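Predicted model, so just to flag it, every value in this text is computed and none were measured.
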Amino acid sequence: MNESLLTCIDLANSDHQSVLSLKQAFEQSKNFFALPLEEKMKVFKNEKHRGYTPFYDQIPDPENQVQGDHKEGYYIGSEVPRDDPQWDYPFYGPNPWPDPDVLPGWRETMEKYHQEALRVCKAIAKLLALALDLDADYFDSPEMLGKPISTLRLLHYEGKSDPSKGIYGTGAHSDYGMMTLIATDGVLGLQVLLIRCEG
């Protein structure tokens, strides 16, 4: 069987509406992470894995990390109404939102960007289906991308990393799910392991 690996689609030089939405999301993300810790902790992650995660909250590579990741994050997922059967599932339900008096327009910007990113994922999924000689709508079923568990993760790295001492912006890990879109602000640091060497 011949396999094709699609490693990167660069939207940065596109006139696509995603670019404007991305710029607005980055600006609002910076506004949130610039808030005092006390204000950010008002939207600490809930039982649905949504909301703010402070520095050192996650340790994805405990064999090599001496403490948690030197990053803080904010998780946003698809919301469903309380009478939806999926309300009781772990990755559906409400998002905690910052006070609109503190961050005007923040929720609207993030909801718009989340939906735009999901739209791009669905378009890429059609390309993947065609590359696999499947029907273009193969991944559109409710069990896959028809009603997906989609998570928007806003991440802010502190800039600390010293692997020789077990200190990482984020430890080595594998993303979960079908697809990950990564938007960066141009600051170097992200590393992707394309081939895992078994030894």
Side-chain angles (χ1 to χ4, degrees), residues 7-12 18-35 37 39-62 65 67-80 86 89-98 103 105-125 144-145 147-161 168-193:
T7 57
C8 180
I9 295 178
D10 185 359
L11 298 175
S18 301
V19 176
L20 177 59
S21 182
L22 175 63
K23 288 179 181 177
Q24 293 169 342
F26 264 106
E27 191 61 38
Q28 286 283 28
S29 180
K30 288 178 185 176
N31 293 341
F32 174 79
F33 290 121
L35 293 173
L37 179 61
E39 190 67 37
K40 291 183 282 193
M41 290 300 286
K42 291 178 182 178
V43 287
F44 183 74
K45 69 179 176 182
N46 61 22
E47 70 282 354
K48 301 286 188 174
H49 309 283
R50 316 279 183 84
Y52 176 66
T53 57
F55 287 109
Y56 318 117
D57 185 66
Q58 298 174 329
I59 306 177
D61 187 12
Q65 288 182 264
Q67 62 184 151
D69 289 347
H70 287 264
K71 74 174 190 308
E72 56 185 336
Y74 197 96
Y75 293 67
I76 299 168
S78 299
E79 293 191 313
V80 296
Q86 291 179 308
Y89 293 170
F91 295 97
Y92 292 94
N95 292 301
W97 297 106
L103 290 176
W106 199 89
R107 175 178 180 168
E108 294 78 11
T109 297
M110 294 308 168
E111 287 180 325
K112 179 181 175 184
Y113 179 63
H114 187 206
Q115 289 306 307
E116 180 60 16
L118 183 56
R119 188 192 66 74
V120 171
C121 282
K122 289 181 177 183
I124 293 171
M144 294 187 188
L145 291 177
K147 206 166 185 183
I149 297 173
S150 61
T151 303
L152 171 63
R153 297 178 66 197
L154 309 175
L155 298 174
H156 171 241
Y157 292 90
E158 195 175 46
K160 292 184 180 177
S161 182
Y168 295 86
T170 187
H173 64 279
S174 295
D175 284 359
Y176 47 86
M178 178 181 171
M179 186 183 309
T180 300
L181 297 182
I182 299 175
T184 66
D185 59 3
V187 176
L188 298 179
L190 176 68
Q191 295 176 322
V192 179
L193 178 63

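- Of the residues listed (Y89, Y75, F44, F91), the one engaging H49 in a ring pair (Phe, Tyr, Trp, His ring centres under 6.0 Å) is F91, and it is the only one.
- With sequence neighbours excluded, no residue forms a salt bridge (Lys or Arg N to Asp or Glu O under 4.0 Å) with K30.
- In this structure E108 satisfies the salt bridge (Lys or Arg N to Asp or Glu O under 4.0 Å) test with no other residue, sequence neighbours excluded.
- Inter-residue side-chain proximity for I149 and Y92 is flagged as met; some heavy-atom pair is nearer than 4.5 Å.
- For the pair Y52/K45, no side-chain contact is recorded, criterion being any heavy-atom separation below 4.5 Å from C-beta on.
- In this structure, P60 and T170 have side chains that are in contact, with non-hydrogen atoms separated by less than 4.5 Å.
- Side chain of N46 to backbone of R50: a donor-acceptor contact under 3.5 angstrom is found.
- By the salt bridge (Lys or Arg N to Asp or Glu O under 4.0 Å) test, K71 pairs with D69, sequence neighbours left out.
- Judged as a ring pair (Phe, Tyr, Trp, His ring centres under 6.0 Å), and not counting sequence neighbours, the contacts of Y74 are F32, W106.
- Using a distance-only test at 3.5 Å, with no hydrogens or angles considered, a donor-acceptor pair links the side chain of E79 to the main chain of N95.
- Considering only residues two or more places apart in sequence or on other chains, K42 meets the salt bridge (Lys or Arg N to Asp or Glu O under 4.0 Å) condition with E39.
- Taking the side-chain hydrogen bond (donor to acceptor under 3.5 Å, both in side chains) definition, one finds that Q24 meets it with nothing, sequence neighbours left out.
- Residues L103 and L35 form a side-chain contact, since some pair of their non-hydrogen atoms from C-beta on lies under 4.5 Å apart.
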